[in-house]
Protein chains: 2
Amino acid sequence: MPADKNNTEVTIYDIAEALDVSPSTVSRSLKNHSSISSDTQQKVKEQAKEMGYRSNIFAKNLRRKKTNTLGVIVPKLNSNFMSSVIAGMEKVANENGYNLIISQSLETAQKEASNVETMFESRVDGLIVSLAYDTEDYSHFDPIIENNIPLVFFDRVAYYKSAANIIIDNFKAGQQAVTHLLKQGCKRIVHMTSNLARNVYEDRFRGYKQALEDYDIPFDPKYLIQNDLSNQAGQQAAQQILSMDPLPDGLFVANDTCAIACMSTLQDHGIKIPEDIAVVGFNNDPISSFVNPKLTTINYHGNEMGKVVIRNLISHLNGDNNIAMTNTIILNAELIIRESSVKAS
Amino acid sequence: MPADKNNTEVTIYDIAEALDVSPSTVSRSLKNHSSISSDTQQKVKEQAKEMGYRSNIFAKNLRRKKTNTLGVIVPKLNSNFMSSVIAGMEKVANENGYNLIISQSLETAQKEASNVETMFESRVDGLIVSLAYDTEDYSHFDPIIENNIPLVFFDRVAYYKSAANIIIDNFKAGQQAVTHLLKQGCKRIVHMTSNLARNVYEDRFRGYKQALEDYDIPFDPKYLIQNDLSNQAGQQAAQQILSMDPLPDGLFVANDTCAIACMSTLQDHGIKIPEDIAVVGFNNDPISSFVNPKLTTINYHGNEMGKVVIRNLISHLNGDNNIAMTNTIILNAELIIRESSVKAS
DNA sequence: ATCTTTTATGCAACCGATTGCGTAAATTTA
DNA sequence: TAAATTTACGCAATCGGTTGCATAAAAGAT
């Protein structure tokens, strides 16, 4: 007895024929429509299972004009943070019958725009974005907004038209990090960050300045280093720091991996961490507790953020607009103190 | 003049009406069908653009029974390797008009199976998988295979039915890594790895044993440590290593991040790397060159692997079966020697 | 000028599920 | 028992492209 030939997909018409009922009845039974007797529903479901029926999602989408698919665009996937965010998103999405399409902008506005277009063509029911490094113009989101497709930014956000934002309190986190360094006695604190047009970096920078101000230390622009926070940039920044006179005694980097690259290079040049320079990173990447010295950092609840994003989006799609779009949701983040920043007193 | 109401999507019928031609002509013009005069094609395309037409992908998929979507299931996204693989995949896929649906199995066979089901329901044209840690039974792939959906495994593969495999030569890489340690004078080399049912780990282990044999050193099972290669496992393994007498003098770990966690813990206990124990990792994660000492490792061309996977899959889908499925493709990988393994001689 | 080919286009069925509306049968109410 | 409801189901249009087949018009051949 050969297995069923493929290609011959079972449809509701086949089930209807086998049971001598109408396709409508099959369709309704399969979705527990109240107007079909439970007896009939039972029979239909059994028959469907027996015949190996699977619903044709395209026919459904075509008719319903809804895809139950959400698009996600992130700069890069290669961090523990992003992986956690995605895991959180997938969990809540799947629980609610939604699927995710994920893509990377690789930190360029150009690829981001092309990804948005693809998502648009794919007719996602909602779009979720963490912005690329160099996105400055947001008009590539206009087709999304004009077609009333809900748009949610997370982490790297933009206050753009009707988009919702989900972030941590970067200002507070930055302030905490730098206050901690100041408490360790640091006076000359370098802040390494990225494009200040990105909220995450601007807010952390504001937190940095606020902390300095709280301690009556004037902000010195030469202590602000801006780059793309890559590993290579971290190494270069180390050179820049080494050339400063007097040497800085504190370093707050807006990203763990870059902090580690920088720290490693500083150590290669004989700098002692934290004795000479105390260091604080950002993100609490797992690696931060395995470098020497272990890195003080800001912990980020990626998984939770992912869940909140999807919950918010789905409740919007359902019309349960308890949490309105065009709103900003702020999640917690906390300072984790490890060896890299604690000076013996 | 208010902007177009949404919801009223432009269809080929609207274009046909506006131009007083048939929908067939519009459809054919839009795909450059040769039987439509270039004059008409031109007009149709202009009109389409002017009216803001976008093709309805569901109608198309429903009719064509093809989704131009490929499913990708990976254990976790949070590594540089995976991120690179995905980037490579996306590039080639997009160039060929395919989209990717990506999901994480989070290293469990259970979630992997549920992801496969989701992909199946989504009617992906092809499925790409890197197996979870504990997948031992492969029957969840049967619906895929029975429906003639091409299945490609990469990195963590299985020789299962008609699936194709794309891997690096893990045996050779393992052998190279361990031979390198032996050349440094190591005699008691620990190998930390994971589930040997996974090809990547089994093959590396075979390479390890081969290298030992080449140097006439008998394999001692007590030097084989198996765990899930998590950071925590790396720490625990360090304790285990510290309790060995005599102390091992070499360590080959099947994963960089775990190697780093282990190395870090060993250092916390006063072990000098590489003097006391020389260490080699696997994957060439960027972080490996920023730890102290910098980690010797095996470099993996993730981006290239991703591209090869998709190229192979698409050429199969196109029927250009130059590279047959049910085949194994082996890519290069090479040893990168850094400080962690080089003993002063 | 007539016949054959080629070119350009239209017709209409089809993909598979959804759903508003209508109605026969069963049940309840008067 | 007749009338009013309720229950259970079917009809047929619809979603928006795709494509095999037919055909009118134009071009070429004889």
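Computation of the quantities below employed the complete heavy-atom set of this structure, encompassing side-chain atoms and omitting hydrogens, waters and symmetry-equivalent molecules. Below, read A as the first sequence line, B as the second, and so on, with proteins coming before strands; counting in each chain starts at 1. This one's a predicted model, so the numbers in the text were calculated from it and none came from an experiment.
Taking 3.5 Å as the limit, the base of C:dC11 and the side chain of B:S24 contain a donor-acceptor pair of atoms between them. Taking only distance into account, the side chain of A:R54 never meets the base of C:dG16 through a donor-acceptor pair shorter than 3.5 Å. No N or O donor and acceptor, one from the side chain of B:S35 and one from the base of C:dT9, sit under 3.5 Å apart. Side-chain N/O atoms of B:R28 and base N/O atoms of D:dG20 include a donor-acceptor pair closer than 3.5 Å.
Taking only side-chain nitrogens and oxygens, A:T25 never comes nearer than 4.0 Å to OP1 or OP2 of D:dA8. Distances shorter than 4.0 Å separate some side-chain N or O of B:K31 from OP1 or OP2 on D:dT19. Contact between the side-chain N/O atoms of B:S27 and the OP1/OP2 oxygens of D:dT18 is found at a separation under 4.0 Å. In this structure, A:Y13 does not reach the D:dG10 phosphate: none of its side-chain N or O atoms is under 4.0 Å from OP1 or OP2. Phosphate contact (OP1/OP2 of C:dG10, side-chain N/O of B:S22, threshold under 4.0 Å): present. Between D:dA8 and A:T40, no contact under 4.0 Å exists linking OP1 or OP2 to a side-chain N or O.
The nearest whole Å value for the distance from the CZ atom in A:R123 to the P atom in D:dG17 is 7 Å. Atom-to-atom, NZ of B:K65 to P of C:dA17 comes out at 10 Å; the value is rounded to the nearest Å. Protein atom CG of B:D39 is 16 Å distant from nucleotide atom P of C:dT7, rounded to whole Å. Atom CG of B:L19 and atom P of C:dA8 are 17 Å apart (whole Å). What separates CG of A:N32 from P of C:dT18 is a distance of 12 Å, to the nearest Å. When rounded to the nearest whole Å, the span between CD1 of A:I57 and C1' of D:dG16 equals 17 Å. With rounding to whole Å, A:R64 atom CZ is found 15 Å from D:dG16 atom P. Atom-to-atom, CG of B:D14 to C1' of D:dC15 comes out at 13 Å; the value is rounded to the nearest Å.
When heavy atoms are screened at a 4.0 angstrom cut-off, B:V21 is found touching the sugar-phosphate backbone but no base atom.
Here A:M305 contributes atom CE and A:I329 contributes atom CD1; the two are 10.0 Å apart, rounded to the nearest 0.5 Å.
Here the side chains of A:R156 and A:V74 are not in contact, with every heavy-atom distance at 4.5 Å or above.
Inspection of the A:S37 and A:D39 side chains reveals no N or O donor paired with an N or O acceptor under 3.5 Å.
With DNA chain C read from its 5' end, the first of the two nearest nucleotides for B:D20 and B:R63 is the one closest to B:D20.
Aromatic ring orientation, A:F153 versus A:F141: perpendicular (interplanar angle above 60°, classes split at 30° and 60°).
Proximity of a side-chain donor or acceptor of B:Q41 to a complementary backbone N or O of B:I36 within less than 3.5 Å is detected.
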